[in-house]
Each structure stands twice: as structure tokens, then as C-alpha cells.
Amino acid sequence: MNIRSHVPNAVTLLNLLSGSLSIILLFKGYIEYSALCVGLSAVFDFLDGFFAKLFNVKSFLGKELDSLADVISFGLAPALFLFYLMSNNEYIKASDNYLAFTPYLALFIAAFSALRLAKFNLDTRQTVSFLGLPTPANAVFFVSLVVVALQKENEIPFLNEITGSLWVQLIVIPLSCYLLISEIPMFALKFTKGYGLKNNMLRYSFLTIALLCIFLFDWSGILLSVIIYIGMSLIFGDR
């Protein structure tokens, strides 16, 4: 029995377990711990592919399992984060039930994430780059948005008001759904052509900017990093 061949799938299951734990912690009120679990899922999502290449393991089971785990960690979890935020919105609470359905619109994030993952599994064009917004990036966007909206103090004060606005939340739902299934080229953080600066200028530039944002602005920096990633992809494509 080759134990190494099971390592990638075991790591994928850790992704799924971390995403499931995130949902439990969210509804217990441990918002930041829940958000960190989604981040941990993203780490496991990277590592399963890393170990698959390291051990030269290829299987249809692993590909399908990876998408199933991602539906939980990067589809359902971020949808429920936004659902939690919108459910606790004072404007909705004071609306005498005529806006009570509004938080359920967040579930479209889970639905379109599943659609994006299904399309990705069938699309042979997305081996070294992406078409449409990757589900981990979309998940990190919504999770960090919710954390920033719920923070009492923030390194960027006006960002609390923006992320806490119900209208902003309603706008980003259809925008996210569109980006997930769009044909817009998005660069991947994969060093398929080695680690040289010439072939990876876009990746190194983004990573430098993202790390600087996170260092300076904490959770707000994570949110800004996803926005910067989308902006750089729109400008530079999938280089």
C-alpha cells in the first residue's frame, strides 16, 4: 500500500473539515476564529495540489473530492458569513419583516460557487490560469468583508461603514456571482515557469502589495488584497 498516494486526498479532507468547523464557529459567534478556519482551508487547498505534484499522484477521485470540499469551504461558508452579517443588520431588523428574506440572497454565493467549480472541472483551459474569479479568492473577500464590517475599530475607518452598508452587501452578491462564472482571465499564483522574476513579475508584484496591505491594515488589508487581485487581473489578464 502506497501511503503517499493518499496524502493529497487526506489534505483535501482537512480542507473540508476546516470549512465545516468554520461554519460551526460562525454561528457560535466566534467570527475571527471562524474566518481563520476559512483561511486554513485555503492553505489546505494549496497543499493538496502541492503534495499531488510532489508525489506525482493523479486521480479523478482527488479532483472531484477537491471540488466537493471547496463547495463547503469556499462556497457555503462565505455565503453563511454574509447571511450572518445581513441577518444582524439593524435596518432589516427594524423593517417589520418585509425585508426578512434579504439575508437569504447570500445563498446565491454558494450556488454560483458550486456552478463555477463544476465548470472548472470540465474546462481544460484553466490549467495554469483561471477564467473567472477562483472560489478561494471569492471566499476570502466575503469572509474579510464580514469581519471588517463587524469590527468596532478599524485601521481604515470608512471601510467599516462601506462594508456594513446593506446596499453594498446587496450589490456585491450579483457582482460576485457574475465574476465566478465569467470568462474574464485571472492570473493564478502558480509558478509553472519556474521562480524567475521575468516570468512571474505579476505574481511577485501582487504578493508584495498584498503582504504590505495585510501588514498595514490587518483584516482590511486582506479585503483590499482581493480587490487588488481582481483589478490586476482585469488590467493584465492571466500572465
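Residue indices begin at 1 and follow the sequence shown.
With sequence neighbours excluded, no residue forms a side chain to side chain donor-acceptor pair (under 3.5 Å) with Thr135. Residues passing the side chain to side chain donor-acceptor pair (under 3.5 Å) test with Asn88, sequence neighbours excluded: none. In this structure, the side-chain contact (heavy atoms from CB on, under 4.5 Å) partners of Ser73, at least two apart in sequence or on a different chain, are Asn15, Ser41. The side-chain contact (heavy atoms from CB on, under 4.5 Å) search around Leu170 returns Met86, Thr102, Leu105, Leu166, Trp167, not counting sequence neighbours. A search for side chain to side chain donor-acceptor pair (under 3.5 Å) contacts involving Ser67 returns Asn121, not counting sequence neighbours. Partners of Ile214 according to the side-chain contact (heavy atoms from CB on, under 4.5 Å) rule, which considers only residues two or more places apart in sequence or in another chain, are Ile222, Ser225. For Ser220, the side chain to side chain donor-acceptor pair (under 3.5 Å) partners two or more places apart in sequence, or in a different chain, are Asn154. In this view, Ala35 and Phe81, Val143, Val147, Trp219 satisfy the side-chain contact (heavy atoms from CB on, under 4.5 Å) rule, not counting sequence neighbours.
Interatomic distance, Thr163 OG1 to Leu150 CG, rounded to the nearest 0.5 Å: 8.0 Å. A distance of 9.5 Å separates CG in Leu133 from CZ in Phe130, rounded to the nearest 0.5 Å. Put simply, OG on Ser20 and CD1 on Ile24 are 7.0 Å apart, with the number rounded to the nearest 0.5 Å. Interatomic distance, SG of Cys213 versus CG of Leu224, reported as 5.5 Å (0.5 Å rounding). Here CG of Leu216 is found 4.5 Å from CG of Leu212. Values are rounded to the nearest 0.5 Å. The CG atom of Asn138 sits 5.0 Å away from the OG atom of Ser113 when rounded to the nearest 0.5 Å.
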Pair up each side-chain donor or acceptor in residues 26-34 with any protein partner under 3.5 Å, not counting sequence neighbours, and list the distances.
| from | atom 1 | to | atom 2 | distance (Å) |
| --- | --- | --- | --- | --- |
| Ser34 | OG | Ser22 | O | 2.5 |
| Ser34 | OG | Ser22 | OG | 3.0 |

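When atom types are taken as modelled, the side chain of Ser165 and the backbone of Glu161 share no donor-acceptor pair closer than 3.5 angstrom. Under a 3.5 Å cut-off, the side chain of Thr12 and the backbone N or O of Pro8 do form a donor-acceptor pair.
Considering all non-hydrogen atoms of both residues, Ile109 and Cys177 come closest at N-SG, 4.3 Å. Closest non-hydrogen pair, Lys119 versus Ile181, comes out as NZ-O, 3.1 Å. Listed here is the closest heavy atom pair of Ser233 and Met186: CB-SD, 3.4 Å. In this structure, Leu25 and Cys37 approach most closely via the heavy-atom pair CD1-SG, 3.8 Å. The shortest non-hydrogen separation linking Arg116 to Pro134 is NE-CA, 3.8 Å.
Cluster partners of Val71 are Leu117, counting Ile, Leu, Val, Met, Phe, Trp and Tyr whose side-chain heavy atoms approach within less than 4.5 Å, directly or via other members. Through direct or indirect side-chain contacts shorter than 4.5 Å among Ile, Leu, Val, Met, Phe, Trp and Tyr, Leu13 is connected to Leu65. In the hydrophobic clustering (ILVMFWY side chains linked at under 4.5 Å, chained through shared members), Leu68 stands by itself.
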- Message: Run Leu145 and Val148 through side-chain contact (heavy atoms from CB on, under 4.5 Å) and show every step you take.
- Response: CA-CA 5 Å; Leu145 181 148; Val148 170; 6.0 Å; no

- [ ] Give the intermediate values and the outcome of side-chain contact (heavy atoms from CB on, under 4.5 Å) for residues Asp66 and Asp45.
- [x] CA-CA 8 Å; Asp66 184 67; Asp45 186 53; 3.2 Å; yes

Item to check | Test side-chain contact (heavy atoms from CB on, under 4.5 Å) applied to Leu131 and Ile184, step by step | outcome: CA-CA 5 Å; Leu131 291 174; Ile184 298 173; over 6 Å; no

| query | After noting the C-alpha distance and the side-chain angles of Phe141 and Val172, does the key distance pass the side-chain contact (heavy atoms from CB on, under 4.5 Å) rule? | reply | CA-CA 10 Å; Phe141 172 82; Val172 294; 4.3 Å; yes

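In this structure, Leu180 and Leu115 have side chains that are not in contact, with every pair of non-hydrogen atoms separated by 4.5 Å or more. The shortest distance between side-chain heavy atoms of Val43 and Phe46 does not fall below 4.5 Å. Looking at Phe112 and Ser176, their side chains never come closer than 4.5 Å, going by heavy atoms from C-beta outward.
Annotation: Phe187 is in aromatic contact with Tyr229 [ring centroid separation under 6.0 Å].
Under the 4.5 Å side-chain contact rule for hydrophobic residues, Ile171 and Phe83 do not share a cluster. Neither Leu211 nor Phe215 shares a network with the other; the hydrophobic side chains, linked directly or stepwise wherever heavy atoms of I, L, V, M, F, W or Y lie under 4.5 Å apart, form separate groups for each.
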